[in-house]
Amino acid sequence: MKNYDIARILHEIAIYEGMKGEKFKPRAYEKAALYIGSLNDDLGTIYKNGGVKALMELPGIGRNIAEKLVELIQTGELAYYEELKKEIPVDITILSSIEGMGPKKVKVLYEKLGITNIEELEKSIREKRVRDLQGFGEKSEKKILNGIEFFKKSHGGRFILGLVLNTFEDILHQLKSLDTVKNVQLAGSARRMKQSIGDADFLAASYKPDKVMDFFTSMPEVAHIHTKGTTKSTVRLKSGINCDLRIVPEESFGAALQYFTGSKQHNVVLRTMALHKGYKLNEYGLYDKRNRQIAGRTEESIYLKLGLPLIPPELREDKGEIEAARDGRLPKLVGYDDLKGDLQIHTDWTDGNNAIIEMAQAAKKAGLEYIAITDHSRTLEIARGLNKEKLKEQEKEIKKVNDTMKHNEGITILSGVEVNILKDGSLDLDNNILKEFDIVGAAVHSYFSLSKEEQTKRLVSAMYNTNIDILFHPTCRVIQKRQPLDVDFDKILDVSKETNTILEVDSSPERLDLQDEYIQHAVENKCKLIIDSDAHDKSHFHFLKFGISQARRGWAEKKDVINTLPLEKFLKSLK
DNA sequence: GCCGTTTTCGGCCCGACTGTTTTCAGTCG
């Protein structure tokens with residue numbers, strides 16, 4: 001049983017406990033579910049190695065939940081959960097994920113109308129049977145119906161940040177231009193630069209919130225107004241994304257920004273810290289015993305009064321950053337302006353849209369000093385992969401462009417290739433060809449579901465090749481589409497270090513591969529990283545921002561990312 | 001059900017909005 005399945009069961013138990021009216025059990029189960037869902041190491045393995053004791057050492061897991069975990073790991077089932085399900089046999093995850101539906105409403109609907117799933121719920125509403133229930137009315141029927149429609153369209157939808165961020169920047173821009181708005185910023189998971197987000201949280205400072213709310217709810221991109229108040233409104237955009245706008249007075253802006261940036265877990269810890277110091281922390285500020293605001297205008301002031309330095313948003317996940325901040329151990333994260341090179345770029349020689357020179361000019365504009373052209377090798381037919389004759393020809397072209405660019409525009413173009421790793425770990429270009437390139441990246445593009453042993457052996461074998469400098473998009477995951485390769489990642493890290501093979505952070509918004517958690521493991525193991533755009537178009541260099549943010553979320557420092565080095569030093573650090 | 005710089009017992013983050021109420025429960029973040 002995978003962590004994911006265990007997390008789902010704990011999540012469902014949390015909802016069941018909520019139905020029973022339990023106040024704190026839901027939170028305990030939910031916390032455990034969240035932790036296990038985000039855990040990289042296999043829970044079964046942890047149990048095998050350390051027994052029940054090891055499970056109980058995990059945060060949020062005590063004797064009771066640990067014993068349930070053991071039952072799940074050993075038998076794949078949990079009697080307690082089965083009992084709950086028998087008592088109220090409903091499609092609980094889906095029903096409670098509908099906007100406006102929580103444990104209590106799901107329970108009433110089952111007990112009074114026998115509703116167990118989304119179809120039955122929709123039918124009952126259409127028959128106007130829900131409005132007569134205690135606590136429901138015509139408006140709640142409409143609201144739930146709306147939620148069902150949204151659910152069907154977005155199937156529980158999260159949006160890939162890199163594909164929607166510019167929409168938010170537009171809205172931000174519009175809000176900024178209002179003279180009733182003093183300050184405005186994007187908060188929430190978008191500010192923490194999570195790979196995907198459920199909604200967008202805007203925060204503004206204003207003394208005329210009514211006017212700002214009127215504007216916000218009547219923007220042309222708004223499809224539906226969920227709620228509208230003087231400090232908080234929620235709308236759904238035509239693209240299906242929900243957006244919140246919160247408005248606070250200027251002296252509370254920092255506190256509100258801190259609070260609405262989250263994460264929830266990070267905030268719970270901060271609030272508890274405040275309590276221990278005799279303070280109260282809410283979105284309006286940090287208050288002492290006499291209810292006087294002692295911080296809140298800036299985010300930094302809040303952290304400072306709690307005895308902490310400002311923690312970068314990308315780290316705020318309650319994954320050790322608060323302890324690190326307290327002990328002065330916060331990493332000096334790689335910065336958004338630190339990259340000097342980009343070592344995975346495609347051109348119209350294969351599946352890219354632009355010529356070599358166009359890509360070089362765009363890279364220069366993006367502030368880079370060197371790039372590598374790395375088109376696909378021959379077996380990748382879908383991308384019109386290059387054979388050795390074509391590659392020779394391209395190399396000549398690169399030299400030609402490079403000679404003019406280097407002197408006239410101050411950017412160096414390296415010759416490279418994205419060589420395909422075949423099923424058995426061999427490469428589709430000979431070593432005597434590979435050794436001619438300035439830089440070689442190897443990547444998997446097929447056979448994604450080999451056994452863990454085979455897949456690990458395949459990657460390791462490529463990394464032992466002395467011509468391979470970089471492992472491109474190492475896990476091959478595509479967000480919401482393809483799971484990461486099943487590999488022994490610890491082994492990959494060991495071999496990366498042993499062979500000096502660099503691990504790539506591919507910045508393409510749908511890839512972000514390596515992803516944050518894997519990056520953190522790589523950093524802990526002192527492996528070298530590189531952040532590339534994987535640009536297929538001259539407009540793609542802004543992808544780098546998303547790769548950098550992923551690296552920051554993985555606690556990577558400048559020294560861990562070798563394309564922050566100037567060209568000469570960078571070249572010397574290769575195999 | 002979890003947890004410990006007040007605590008092995010008794011706390012557990014806290015405020016906004018909505019809809020159905022007639023002062024509040026449920027939901028959300």
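Residue numbers start from 1 in every chain, and the chains themselves are labelled A, B, ... in the order their sequence lines are given, proteins ahead of strands.
- The interatomic distance linking Arg236(A) (CZ) with dC28(B) (P) rounds to 14 Å, in whole Å.
- Comparing the P positions of dC13(B) and dG19(B) gives a spacing of 28 Å, expressed to the nearest Å.
- Residue contacts for Pro103(A): at a heavy-atom cut-off of 4.0 Å it reaches the sugar-phosphate backbone alone, with no base atom in range.
- Within 4.0 Å of Ile98(A), counting heavy atoms only, lie sugar-phosphate atoms of the nucleic acid but no base atom.
- Straight-line distance from the CG atom of Leu275(A) to the P atom of dC3(B): 18 Å, rounded to whole Å.
- Between the CD atom of Glu17(A) and the C1' atom of dG1(B) there is a distance of 9 Å, given to the nearest Å.
- Nucleotides dT6(B) and dC12(B) place their P atoms 14 Å apart, quoted to the nearest Å.
- Comparing dC2(B) with dT8(B), their C1' atoms sit 12 Å apart, to the nearest whole Å.
- Among the protein residues, Lys143(A) comes within range of no part of the nucleic acid, since none of its heavy atoms lies under 4.0 Å from any strand.
- Between the side chain of Tyr279(A) and the backbone N or O of His276(A) there is no donor-acceptor pair closer than 3.5 Å.
- Contact annotation for Lys25(A): base contact, defined as any heavy-atom pair under 4.0 Å involving a base atom.
- Each of Glu314(A), Glu317(A), Glu557(A), Glu321(A) was scored for a salt bridge (Lys or Arg N to Asp or Glu O under 4.0 Å) with Arg552(A), with one residue passing: Glu314(A).
- When both distances must be under 3.5 Å, the Watson-Crick or G-U wobble mate of dG10(B) is dC3(B).
- The ring of Tyr518(A) has its center no closer than 6.0 angstrom to the ring center of His521(A).
- At whole-Å resolution of the value, CG in Leu95(A) and P in dT27(B) are 12 Å apart.
- At the heavy-atom level, Phe260(A) lies nowhere under 4.0 Å from the strands shown.
- Among the protein residues, Lys31(A) comes within range of no part of the nucleic acid, since none of its heavy atoms lies under 4.0 Å from any strand.
- Among the atoms of the strands shown, none is found under 4.0 Å from any heavy atom of Lys107(A).
- The residue Lys232(A) sits close only to the backbone: its heavy atoms come under 4.0 Å of sugar-phosphate atoms, none of a base.
- dC17(B) and dT22(B) have their P atoms separated by 23 Å, given to the nearest Å.
- Remark: Thr231(A) is in phosphate contact with dC17(B), judged by side-chain N or O atoms under 4.0 Å from OP1 or OP2.
- Between atom CD1 of residue Ile294(A) and atom NZ of residue Lys289(A) there is a gap of 10.5 Å, rounded to the nearest 0.5 Å.
- Judged by ring centres under 5.5 Å apart and planes tilted less than 30 degrees, Phe136(A) fails to stack against the six-membered base ring of dT20(B).
- Relative orientation of the His540(A) and Phe543(A) rings is parallel, given thresholds of 30° and 60° on the angle between their planes.
- Interface remark: the Tyr259(A) side chain does form a donor-acceptor pair with the dG29(B) base, using a distance-only criterion of under 3.5 Å.
- Within 6.0 Å of the CG atom in Asn49(A), the count of heavy atoms belonging to other residues, nucleotides or ligands exceeds 12.
- Heavy atoms of Glu30(A) sit nowhere under 4.0 angstrom from any nucleic acid atom.
- Across all strands shown, Thr230(A) has heavy atoms under 4.0 Å from sugar-phosphate atoms exclusively, and none from any base.
- dT20(B) and dG10(B) are spaced 41 Å apart, taking the P atom of each and rounding to whole Å.
- Rounded to whole Å, the P atom of dT21(B) lies 13 Å from the corresponding atom of dA25(B).
- With rounding to whole Å, Gln265(A) atom CD is found 15 Å from dC14(B) atom P.
- Residue contacts shown for Ile61(A) are limited to sugar-phosphate atoms, with no base heavy atom under 4.0 Å away.
- Counting non-hydrogen atoms under 4.0 angstrom, Lys280(A) reaches the backbone sugars and phosphates but no base.
- Going from atom CG of Asn282(A) over to atom P of dG29(B) covers 19 Å, rounded to whole Å.
- Taking the side chain of Lys139(A) as heavy atoms from C-beta on, and the options dC12(B), dT20(B), dG29(B), the nearest nucleotide is dT20(B).
- Distances shown here put a side-chain N or O of Tyr284(A) below 4.0 Å from the OP1 or OP2 atom of dA16(B).
- Taking the ring centre of Phe136(A) as origin, the terminal cationic atom of Lys105(A) falls inside the region bounded by 6.0 Å and 45° from the ring axis.
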